[in-house]
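To start, the structure itself, in structure tokens.
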Amino acid sequence: MLKLKAMRGRYRWRQLHSIKELRTNPNSYPSKKTLTQRRHNDKPRPVGDSDIKQWNMVISYYMRNSQLDSALHFFNLMPRRSSVSYNAMISGYLMNGRFDLARNLFDEMPERDLVSWNVMISGCVRNNNVAAARELFEEMPERDVVSWNAMLSGYAQNGCIDEARKIFDRMPCKNSISWNALLATYVQNGRMEEACRLFESKLDWDLVSWNCLMGGFVKKKMLVDARRVFDRIPFRDKISWNTIITGYVQNGEIEEARRLFNESPVRDVFTWTAMVSGFVQNGLVDEARETFEQMPQKNAVSWNAMIAGYVQCKRMDMARKLFDKMPFRDITTWNTMITGYAQSGEIAHARDFFDRMPRRDPVSWAAMIAGYAQSGYSEEALRLFVDMKRDGERLNRSSFACALSTCAHIAALELGMQLHGWLVKAGYESGSFVGNALLLMYCKCGGIEEACSAFEEIMEKDIVSWNTMIAGYARHGFGKEALKIFESMKAAGVKPNDTTMVGVLSACSHAGLVDRGMEYFYSMNQDYGITANSRHYTCMVDLLGRAGRLDEAQKLIRNMPFEPDAATWGALLGASRIHGNTKLAEMAAELIFEMEPENAGMYVLLSNLYAASGRWADVSKMRLKMRDTGVKKVPGCSWLEVQNKIHTFSVGDSCHPDRDKIYAYLEELDLKMKREGYMSSIKLILHDVDEEEKEHMLKYHSEKLAVAYGILSIPAGRPIRVMKNLRVCEDCHNAIKYISKIVGRLIILRDSNRFHHFREGSCSCGDYW
DNA sequence: ATAGGGTTAG
């Protein structure tokens, strides 16, 4: 009995499947030409039912190909329309996400039948609008099992398990699809235990449900359970085989996948494509290509999988060859190429494809924006985000999060605030996903007050929200505030993790709370079960070192239960430098050189240290060493945002359009600073440059240029926010303190390590960084 | 023309 039913199901599914295959393989459609011919042939004859049927077919053909205008054109040309014609149009609009057009047609159609209502409901469900679906469902004059099933799966897909269950219990008539929808409710929401319980409670499940259950296990990577289901299925179809093969593929068990593939009696495009992508995911491009060549038929997805394979191993030339050879490209093909070029650093090629593609979707935009952001073209990334909004593309949560993290990276506060405004309009701000991105943006852009209110606005604070806020305060030098947040976190019943404690310890360090920091460090294992890692040790070395307790810091390093890393020695180096212990600094630097010979910052740091104590011979030695090891000093650069535009400066920069004004202003400032008692620390510059030249180079360090430009172009009363890619140099730090006093402005400088808030002649870092 | 399962891109 079971077998008979399964066979009947199998037949139906074969039929349905062939339709799906048609959808993904445009080559199988009748050509536009034959369709037009048919139209002309039809015209002179009297209009009968069979003619309407043909028109309807034309409409749904165009709709499936997303050619909405052509579909509408033929719809308007029809001599007579049945409700099926309307339904085809409505369903097509919904298939293409055009709820508005569907709704209009639905409202104006002369007589709606049951199918019209059902089409609308399922369309709403497909576009994830259960509320609208439910409204239609309540409104419709009569319902059949399709209406109930559509509603049920609507709730299932949107995670409303209880609602789904309620609908199921209320259904006046159920068929196997209803049962399967209930099963899918549990499976899609990861409730495998409940799914199994339901499955065991009934005997005559059809094949789709068996496959659904197995697919649930595959998605949860529970391969053993999936295999058990597979072995128990009374009658397997190709979807059963494809599901289990995909399961092995996605878990890296490519050999088992290959074995089943060879054993499978029912291979189709899906099976073959799964194998191609399986080889790709396991790094076997050549095997993938071999399989690809052997495929009896290929669709766009198969080509895309193969192209993605070349993309993943950075063989863009091969990817390009396939792209050119491909007979039918879809939007994924273009998106894959864009991603590929972006990831191999060929950003211009990526942009070229982006500009040339016939149609763009949110994935295309995201790929291009992320490509720019990852290659360091943050400005272009953000410009594109703005273009995207202008083009009327719907911005989703992840596009916002991506744009916000780009803002955070380059500290584009103004743009970040604009994004915040758009976010509020789109109604996205209260969740923790976007909320955390917003919080991080404000923290990294130096807007600590804004960060604080963004934090308070997150309705569901998760551990990331708390950690970001604590670390944010710490980096800005507001240690006490950070600790206050830590206390509220505990009061809210959130258990701190290791990242939390890094923030807490560095907050103690920045606030000079040595004893409290030690207490936290030594009790965190007992209190929260957190074992100290190297980041925690680094904080402690920093904490002790900042307080001048260099011996204790050394002792701590010696007693570490694992090998100290470069960052830990770096903390000791920083502390020794501040407290003038050249010998200790040298030792730390030597160790760091061994671990990270390519770390240019260390050479510069040590070289400056020698210069400070007048050891010019050692300075030269460092220079030689840098040359010998081929390490290049990363050029310092600073930037700031003025009216949504990023202005970048490097040492002695003469590219800025306002350079004359900036240099003149710096001269003016220099005089005033000297009158206040400022002395430029000439000793920091390599000694073989003559004195005047040295002073000149110091005077025009990138951060000074940026600060000067900020004072000139940002209205009084607003803080000047400058970013630097390296640590701020000692002379600049000193100079900016004077400047903040002379001009009476708040200057916030983000260097590669932390934030400095300069106000009234002093800095929030307490001259330790 | 409407309801359920498997392959590609961020």
Side-chain angles (χ1 to χ4, degrees), chain A residues 9 13 16-17 20 24 56-57 59-60 63 82-92 94-95 113-123 125-126 144-154 156-157 175-185 187-188 206-216 218 237-247 249-250 268-278 280 299-309 311 330-340 342-343 361-371 396 398-399 402:
Chain A
W13 283 103
L16 251 188
H17 178 254
K20 277 192 186 166
T24 48
N56 293 344
M57 274 175 62
I59 289 173
S60 52
M63 280 303 193
S82 65
S83 66
V84 177
S85 329
Y86 276 95
N87 293 342
M89 283 298 291
I90 294 173
S91 138
L94 289 166
M95 212 185 323
D113 59 10
L114 188 52
V115 175
S116 323
W117 288 93
N118 289 343
V119 166
M120 280 300 287
I121 291 177
S122 69
V125 165
R126 231 200 322 272
D144 65 358
V145 66
V146 176
S147 334
W148 284 94
N149 286 344
M151 206 55 235
L152 174 55
S153 75
Q157 282 162 35
N175 59 14
S176 66
I177 296 182
S178 326
W179 280 96
N180 185 67
L182 184 65
L183 180 69
T185 306
V187 167
Q188 284 166 7
D206 74 11
L207 185 51
V208 174
S209 302
W210 281 95
N211 290 339
C212 174
L213 187 69
M214 177 168 55
V218 163
D237 68 356
K238 55 186 169 190
I239 294 186
S240 325
W241 284 93
N242 290 341
T243 305
I244 195 73
I245 289 173
T246 310
V249 158
Q250 285 167 356
D268 67 354
V269 204
F270 283 73
T271 334
W272 282 93
T273 306
M275 281 315 288
V276 169
S277 114
V280 163
N299 62 18
V301 181
S302 336
W303 283 87
N304 292 342
M306 193 60 236
I307 292 179
V311 160
D330 66 6
I331 200 157
T332 302
T333 320
W334 289 90
N335 290 346
T336 308
M337 290 300 288
I338 291 174
T339 313
Q343 281 171 0
D361 68 358
V363 177
S364 332
W365 288 93
M368 195 62 230
I369 291 174
N396 58 26
S398 50
S399 48
C402 174

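Computed over heavy atoms, backbone and side chain alike; hydrogens, waters and symmetry mates excluded. Below, chains carry the letters A, B, ... as their sequence lines are ordered, and counting in each starts from 1.
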Can you list the residues that meet the ring pair (Phe, Tyr, Trp, His ring centres under 6.0 Å) rule with A/Trp148, with sequence neighbours excluded? A/Phe137
Describe the nucleic acid contact of [X] in one word from base, sugar-phosphate, nothing, applying a heavy-atom distance below 4.0 Å.
{"X": "A/Thr332", "answer": "base"}
{"X": "A/Asp144", "answer": "nothing"}
{"X": "A/Val146", "answer": "base"}

Rounded to the nearest angstrom, tell me the gap between atom [atom1] in [X] and atom [atom2] in [N].
{"X": "A/Leu213", "N": "B/dG4", "atom1": "CG", "atom2": "P", "answer": "18 Å"}
{"X": "A/Asp206", "N": "B/dG4", "atom1": "CG", "atom2": "C1'", "answer": "8 Å"}
{"X": "A/Asn149", "N": "B/dT2", "atom1": "CG", "atom2": "P", "answer": "15 Å"}
{"X": "A/Ile338", "N": "B/dT8", "atom1": "CD1", "atom2": "C1'", "answer": "15 Å"}
{"X": "A/Asn56", "N": "B/dT2", "atom1": "CG", "atom2": "P", "answer": "12 Å"}
{"X": "A/Asp113", "N": "B/dT2", "atom1": "CG", "atom2": "P", "answer": "12 Å"}
{"X": "A/Met275", "N": "B/dT8", "atom1": "CE", "atom2": "C1'", "answer": "16 Å"}
{"X": "A/Asp268", "N": "B/dT8", "atom1": "CG", "atom2": "P", "answer": "13 Å"}

Nearest to the [X] side chain among [options], which nucleotide is it?
{"X": "A/Gln157", "options": "B/dT2, B/dG10, B/dG4", "value": "B/dG4"}
{"X": "A/Ser176", "options": "B/dG4, B/dT7, B/dG10", "value": "B/dG4"}
{"X": "A/Thr246", "options": "B/dT8, B/dA3, B/dT7", "value": "B/dT7"}
{"X": "A/Val301", "options": "B/dA1, B/dT8, B/dG4", "value": "B/dT8"}
{"X": "A/Gln250", "options": "B/dT2, B/dG10, B/dT7", "value": "B/dT7"}
{"X": "A/Ser277", "options": "B/dT2, B/dT7, B/dG10", "value": "B/dT7"}
{"X": "A/Asn87", "options": "B/dA3, B/dA9, B/dA1", "value": "B/dA1"}
{"X": "A/Asn335", "options": "B/dG4, B/dT7, B/dA9", "value": "B/dA9"}
{"X": "A/Arg126", "options": "B/dA3, B/dA9, B/dT8", "value": "B/dA3"}
{"X": "A/Asn180", "options": "B/dT7, B/dG10, B/dG4", "value": "B/dG4"}

Just so I know, are the side chains of A/Val115 and A/Ser83 near enough to count as touching, which here means a heavy-atom distance under 4.5 Å? no
Taking side chain as C-beta onward, heavy atoms only, is A/Leu207 less than 4.5 Å from A/Ser240? yes
Has the side chain of A/Asn175 got a donor or acceptor atom sitting under 3.5 Å from an opposite partner on the base of B/dA3? yes
If you compare every side-chain N and O of A/Ser60 against the phosphate oxygens of B/dA1 (OP1, OP2), does one of them come in below 4.0 Å? yes
Would you check if the side chain of A/Asn180 reaches a backbone N or O of A/Ser176 as a donor-acceptor pair within less than 3.5 Å? no
Sequence-distant partners of A/Ser91, side chain to side chain contact (heavy atoms under 4.5 Å, CB included), two or more places apart: A/Met95, A/Val119
Rounded to the nearest 0.5 Å, what's the gap from CZ on A/Arg126 to CD1 on A/Ile121? Could you check? 12.5 Å
